[in-house]
Number of protein chains: 2
Amino acid sequence: MSDIALIETARDFNRFYTNFLGLLNKAYLDSPYTLTDARILFEIGSHDGVSATALAGDLHLDPAYLSRILKRFRTEGLIRTDPDPADLRSQIINVTDRGREEFEELGRRANAQIAARFDTLASGEPEAAVSAMHTIRALLDPTAKPAPAIIRAHRAGDIGWIIQSQSRFYTEEYGWDLRFEALVAEVAGKFLANFDPALEYCWIAERGGINVGSVLVTNGGDGIAKLRLLYVDKSARGLGLGKLLVDECIRFCRQKGYSELQLWTNDMLETARAIYVKTGFRLVSEERHRMFGPEANGQNWVLAL
Amino acid sequence: MSDIALIETARDFNRFYTNFLGLLNKAYLDSPYTLTDARILFEIGSHDGVSATALAGDLHLDPAYLSRILKRFRTEGLIRTDPDPADLRSQIINVTDRGREEFEELGRRANAQIAARFDTLASGEPEAAVSAMHTIRALLDPTAKPAPAIIRAHRAGDIGWIIQSQSRFYTEEYGWDLRFEALVAEVAGKFLANFDPALEYCWIAERGGINVGSVLVTNGGDGIAKLRLLYVDKSARGLGLGKLLVDECIRFCRQKGYSELQLWTNDMLETARAIYVKTGFRLVSEERHRMFGPEANGQNWVLAL
DNA sequence: TGATTTTGTTGACTCAGTCAACTAAATGCA
DNA sequence: TGCATTTAGTTGACTGAGTCAACAAAATCA
């Protein structure tokens, strides 16, 4: 794609998105706030204690204009301003309880707008859209810091996601065939079917509402736990999520009184192997196999707890 | 019902992009045109011969406001308007040579803006951003015509997708619990593990590279085939995809010499039931159950082939 | 110490955008 | 056919979002 075509496409997208945002922002019309009001209220609500100058800078607003809006907010009891003891020219802006209520109401309304849009989409599409937004933002916003990842227990649909992401990854990267997806589906299906919350667990790493990693611990009997289906999506590598997930497994297994944690992996997964080494796993055996098409080197690792 | 984290992330992106577009649009300040002027000029310049009403609709502008702007453009010699011979109320708007010059100058300026942005990026990054813009647009722009749906055999990741979409759907719509995902994972996993291409099959309906439907036929032994996991995503309903998928199953089963096709479903799935009736299935038994939490009415349907 | 910069406020203004009322042509309907 | 209703576009009258210049008070610089 030539430079000019790229630029034209970007412009086209910008025209479309200008329109799209315009439509979304009509939502503020049935509240007493303008779009600018809402943006300011949002900024104050989420960064309590900013100064007027910082606010004007962030939102690219005229200081005079902002000053008037803040004055109005003050008389309406939405915000409180106190001079900054460190710089008496500067005013520290805080939301009052009423202000916070309004802020939250606006938030609810904005969320509903987007939820309504997302509702017309296929399952998986909102995730795709948000993931694309991440991409754009990461590229065009120099100040963007990646959203923090959270680790949580699995919920509806996550097991399917695990199977899908594992299968896609090994197929694309190593040319494994559908037998691998079958194995994963079996492991994951059995995990769900016999799920014993007292001794087993599934962790999902999520960033900005998008699944980016997984791992699960299953009960192998005789005090032995198995770590399975460790995965970190390529969009979230290098953040230490893999290590975090494995640490979580180890902590869980110790707490549940397991004596040993075992895992099976393949040697071309170097990042994973590094994590296993660092967390104290020991390689106990190795065998070449062709379980999924191409030849690979299966490895068994063990950690005494 | 979409995930809150997804929505928050999307809102965050929208705030960012509002800002970003605001900065880009400042570019128009050193021309005699406002942003609205520029949008109108662009629209006329690229779709010669539009009517004022169409223009107002496309750009979501007040007709009165637009009328005034067009009047100004006319006196400045940027456009020419002639009554539409087919409807004398309506005016056909065309750009004059001067108008086209201005339009192109604006275009050059907007391109330069974006080029400057892209210039600060690494090689490959502009392409990534534009590709992400495509993704968003395809998903959020209702006028972007939907790609036609196709039906194909399953491939890597599809079984995981089936589990995920089934689980999400039944959880969100009917409050079924994880036991359902476990059942689906088991069915789908067994299908993959014992997959016999001579007697079994999995169809995926796909649109624009995104999965929107599924169904599979498994061998039940004794000349009996089972139709399972029929699903059409809400974004693709009403296109007859469900019927198409079931027809495909029946054709396949006849060709493979099965004597009977059986399926199990639940009676609240009315669209599915309508398809089964229409394709000749007969309801043979029914039982209330609580297999997945809420009470439901399980049904067995049979089609003699 | 006095010159300069920074934070925020106020006065005065403009013009983008809205709303209601209207004309003229087209369409629907009995 | 003729009368009521709808649609395309225009104009008058208005509002209020946003801008610009000037200013006070505090902080910083040199």
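Proteins get letters first, then strands, A, B, ... in listed order; numbering begins at 1 in each.
- B/R74 comes within 4.0 angstrom of sugar-phosphate atoms only, judged by non-hydrogen atoms across all strands, and of no base.
- If you measure from atom OH of B/Y65 to atom P of D/dG12, you get 18 Å, rounded to the nearest angstrom.
- Rounded to a whole Å, the CD atom of B/Q91 is 14 Å from the C1' atom of D/dT7.
- Atom-to-atom, CG of A/L55 to P of C/dT7 comes out at 13 Å; the value is rounded to the nearest Å.
- Side-chain N/O atoms of A/R68 and base N/O atoms of C/dG11 include a donor-acceptor pair closer than 3.5 Å.
- To the nearest angstrom, P of C/dC19 lies 16 Å from CG of B/L66.
- Nearest nucleotide to the side chain of A/D87, out of C/dA25, D/dA27, C/dT18: D/dA27.
- When the nucleotides C/dC19, C/dT10, D/dA17 are ranked by their closest atom to the side chain of A/K71, C/dT10 comes out on top.
- Candidate nucleotides D/dT7, C/dC19, D/dT10 were compared by shortest atom distance to the side chain of B/R89, and D/dT7 ranks first.
- Checked against D/dT10, D/dA27, C/dT10, the side chain of B/P63 finds its nearest nucleotide in D/dT10.
- Going from atom CZ of B/F73 over to atom P of C/dA16 covers 11 Å, rounded to whole Å.
- Taking 4.0 angstrom as the limit, A/S90 places none of its side-chain polar atoms (N or O) nearer than this to OP1 or OP2 of C/dT6.
- Distance from the side chain of B/R72 is smallest for C/dA16 among the nucleotides D/dA26, C/dA16, C/dT18.
- Between B/H60 atom NE2 and C/dG17 atom P there is a gap of 15 Å when expressed in whole angstrom units.
- Annotation: A/Y17 is in aromatic contact with B/F13 [ring centroid separation under 6.0 Å].
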Side chain to side chain contact (heavy atoms under 4.5 Å, CB included) between B/Y174 and B/L269, intermediate numbers included = CA-CA 10 Å; B/Y174 306 112; B/L269 302 166; 3.7 Å; yes
